[in-house]
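First the structure, in the form of structure tokens, and then the observations on it.
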Amino acid sequence: MGERLLIIGGGLAGCEAALQAASRGLSVELVEMKPAQYTPAHSSPLLGELVCSNSLRSAEPTSAVGLLKVEMAMLGSIVMQAAAATRVGAGRALAVDRQAFAAFLDAAVSSHPLITRLSERRDKLPAEGVTILATGPLTSEALSADLAALTGSGHLHFYDAIAPIVTSESVDLDQAFWGDRYGDPGQGDYLNCPLSAQEYAAFYAALMAAEQVPLRPFESPRFFEGCLPIEVMAARGEKTLLFGPMKPVGLTDPATGQRPFAVVQLRKEDAQGLLLNLVGFQTKLSYAAQERVLRLIPALARAEFARLGSIHRNTFIEAPRVLRPDLRLMAAPHIFVAGQLSGVEGYVESAASGLLCGLSAANLLRDRAIVLPPATTALGGLLGHLRNAAAKDFQPSNVNFGLLEPLPGRVPKRQRGAAYARRALTDLAAWMDAQQIPLAQAPPELA
Ligand SMILES: Cc1cc2nc3c(=O)[nH]c(=O)nc-3n(C[C@H](O)[C@H](O)[C@H](O)COP(=O)(O)OP(=O)(O)OC[C@H]3O[C@@H](n4cnc5c(N)ncnc54)[C@H](O)[C@@H]3O)c2cc1C
């Protein structure tokens, strides 16, 4: 086999796969339809664009997504390097300046001597040649149809919703306070907008009465549980939001010395903090209704919206029925499927699957065996989810410890994260050794 790899899609998975393969000496052709055509969620001409939140979630190595980050960094992930270089304050989460993050990835791909970048849309899957398909949850229509025809399974659709962003200067700071949950009052990365019981009741009533964006007749909404629109959460009960994005726990309002009844947290979107994201406030309300309802939050009474929430399509394949364990299509084993399209959920998970496809494609092109990371690692656990044929109604999943091989014996709940992480990092290091993959970054010491 020649040593040329085609990658379709230059998002998180595509960039990660391209750099992994090129750093192993492969010639890579990366085809990305931007800037000639944008999906409904993309707007930047840069590769590696974050389409919604600027958070890559927990940075704690004892959380599942934190562990996945450490494993990726050990393997030399370019997405983890971009995140480290463009990090903005977000407590224990890893959030980035989205513009700088995408610019970092775009430059890494564009300047690599072994990567050729083509700006065009592909409508057909190639009949031959090792390929990584990484066109994401908003894969263009013709290519989606071709993939559906090839796999025979068609597509499953469900819907996520985007959270609004406000300009920081438009927030009434007399009605808000800085602080992380359980952190020192007055300090921290979150700007909290408190509501009294009365204010919450008015907000809730307006939310329940607000106009939603109508779905087209064939669209059956199946929201991802971790990213429910606020109005869907609210419809489950008057107090649901108080246990979700509006929970006031661990916060004391310096104006009253009391815990607020409810709170909306705002987090910086960019390094300078000019824009703030309403954390967990994804919504599919109409634009007019969003402005009206969100301005009932006292600190946001005069908010200027830099972006309003919206509804979007999410396309993914039914992985357990159409993918081999190494992420190649059963019907076309020269094609790997990476990223959200493969049935993982989230920025970090999408990049992680791109990383694995890049590694595996390099092995395939060099006639070497593809050996996957063990099921005790976060990377292995993520692959395990895509093989879970027992799932009747397959849904994309974020990484979580439930996907990893269970720990032997009983481990107290508080020690479980560290136990999973210790075992995973030892096993990944041994696997990398056996695969002769150099350690790009040493993992942190775990207590
Ligand atoms: C609106 C939206 C909001 C989301 N919000 C979050 C969030 O807040 N946090 C989170 O962790 N995850 C979120 N996700 C889920 C997921 O993590 C992201 O979609 C992530 O970007 C997926 O990475 P990817 O590389 O698979 O796809 P993408 O990053 O979407 O990259 C795919 C690329 O392929 C290109 N492309 C598509 N079709 C073609 C074609 N035919 N030819 C050539 N190029 C093509 C696209 O232009 C795009 O650049 C969201 C998804 C959506 C759709």
Side-chain angles (χ1 to χ4, degrees), residues 6-18 29-58 65 68 79 83 93-96 98 101-102 105-106 109 117-126 131-147 157-163 165 223-224 226-227 229 267 269 277 279-282 284 307 309-317 337-355 357-358 396-399:
L6 170 67
I7 299 179
I8 312 178
L12 298 174
C15 289
E16 186 67 69
E29 190 169 82
L30 179 76
V31 183
E32 164 56 54
M33 67 180 186
K34 296 195 301 182
Q37 185 177 330
Y38 288 94
T39 76
H42 289 82
S43 57
S44 161
L46 296 170
L47 301 177
E49 179 179 355
L50 297 177
V51 286
C52 181
S53 164
N54 65 333
S55 170
L56 274 59
R57 317 205 310 282
S58 175
V65 71
L68 184 60
V79 166
L94 172 58
V96 300
R98 67 175 68 239
F101 174 84
L105 285 175
D106 192 282
V109 170
R117 184 176 159 179
L118 289 181
S119 296
E120 63 181 51
R121 192 188 70 211
R122 285 288 157 98
D123 290 340
K124 286 235 166 269
L125 293 164
T131 300
I132 297 177
L133 180 65
T135 42
L138 302 166
T139 295
S140 64
E141 242 170 74
L143 193 62
S144 296
D146 201 38
L147 178 62
H157 297 274
F158 74 92
Y159 290 83
D160 282 345
I162 296 180
I165 292 176
F223 295 105
F224 177 56
C227 195
R267 185 182 57 221
E269 262 293 304
N277 191 310
V279 180
F281 260 58
Q282 48 275 2
K284 63 185 180 73
R307 180 187 75 187
S310 66
I311 184 168
H312 65 86
R313 176 167 68 88
N314 189 348
T315 304
F316 59 94
I317 56 173
V337 184
Q340 185 99 359
L341 183 61
S342 69
V344 297
E345 170 67 41
Y347 296 147
V348 183
E349 290 84 346
S350 294
S353 84
L355 187 156
C357 287
S397 177
N398 287 121
V399 68

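One-based numbering, in listed order, for ligands and for the atoms of each.
Numbered from 1 in the order shown, with element, the atoms of ligand 1 that lie under 4.0 Å from a heavy atom of Pro137 read 19 (O), 27 (O), 30 (O), 53 (C). The contact set between ligand 1 and Gln340, taken as ligand atoms under 4.0 Å from a residue heavy atom, comprises 15 (C), 16 (C), 17 (O), 22 (C), 26 (O). Which parts of ligand 1 touch Ala13 is read off a 4.0 Å heavy-atom cut-off, strictly below it: atoms 25 (O). The Val51 neighbourhood of ligand 1 comprises atoms 2 (C), 3 (C), 4 (C), 50 (C), 51 (C), 52 (C), with distances under 4.0 Å to a heavy atom of that residue. Interface atoms of ligand 1 facing Glu120, defined by a heavy-atom separation under 4.0 Å, are 43 (C). Ligand-side atoms of ligand 1 in range of Leu143: 41 (N), range being under 4.0 angstrom from any heavy atom. Of all atoms in ligand 1, numbered sequentially from 1 with element shown, those under 4.0 Å from a heavy atom of Ser53 are 8 (O). Close contacts of ligand 1 with Arg121, meaning ligand atoms under 4.0 Å from a residue heavy atom, involve 40 (C), 41 (N), 42 (N).
By the criterion of a heavy-atom distance under 4.0 Å, both the backbone and the side chain of Ser140 are placed next to ligand 1. Only the backbone of Ala134 comes within contact range of ligand 1, with a heavy atom under 4.0 Å; no side-chain atom does. Heavy atoms of His42 found under 4.0 angstrom from ligand 1 belong exclusively to the side chain.
Between Arg122 and ligand 1, a contact under 3.5 Å exists for at least one N or O pair. Between Met33 and ligand 1, at least one pair of N/O atoms sits closer than 3.5 Å. Below 3.5 Å of separation, one finds no N or O of Glu49 facing any N or O of ligand 1.
For Thr39, the side-chain contact (heavy atoms from CB on, under 4.5 Å) partners two or more places apart in sequence, or in a different chain, are Met33, Ala41, His42, Leu138.
With Glu49 contributing its side chain and Ser44 its backbone, the two residues share a donor-acceptor pair below 3.5 Å. In terms of modelled atom types and a separation under 3.5 Å, the side chain of Glu349 and the main chain of Val399 share a donor-acceptor contact.
Closest heavy-atom approach to atom 46 (C) of ligand 1 within the set Glu32, Glu16, Lys34: this belongs to Glu32.
A salt bridge links Asp106 with Arg117; the closest basic N to acidic carboxylate O contact falls under 4.0 Å.
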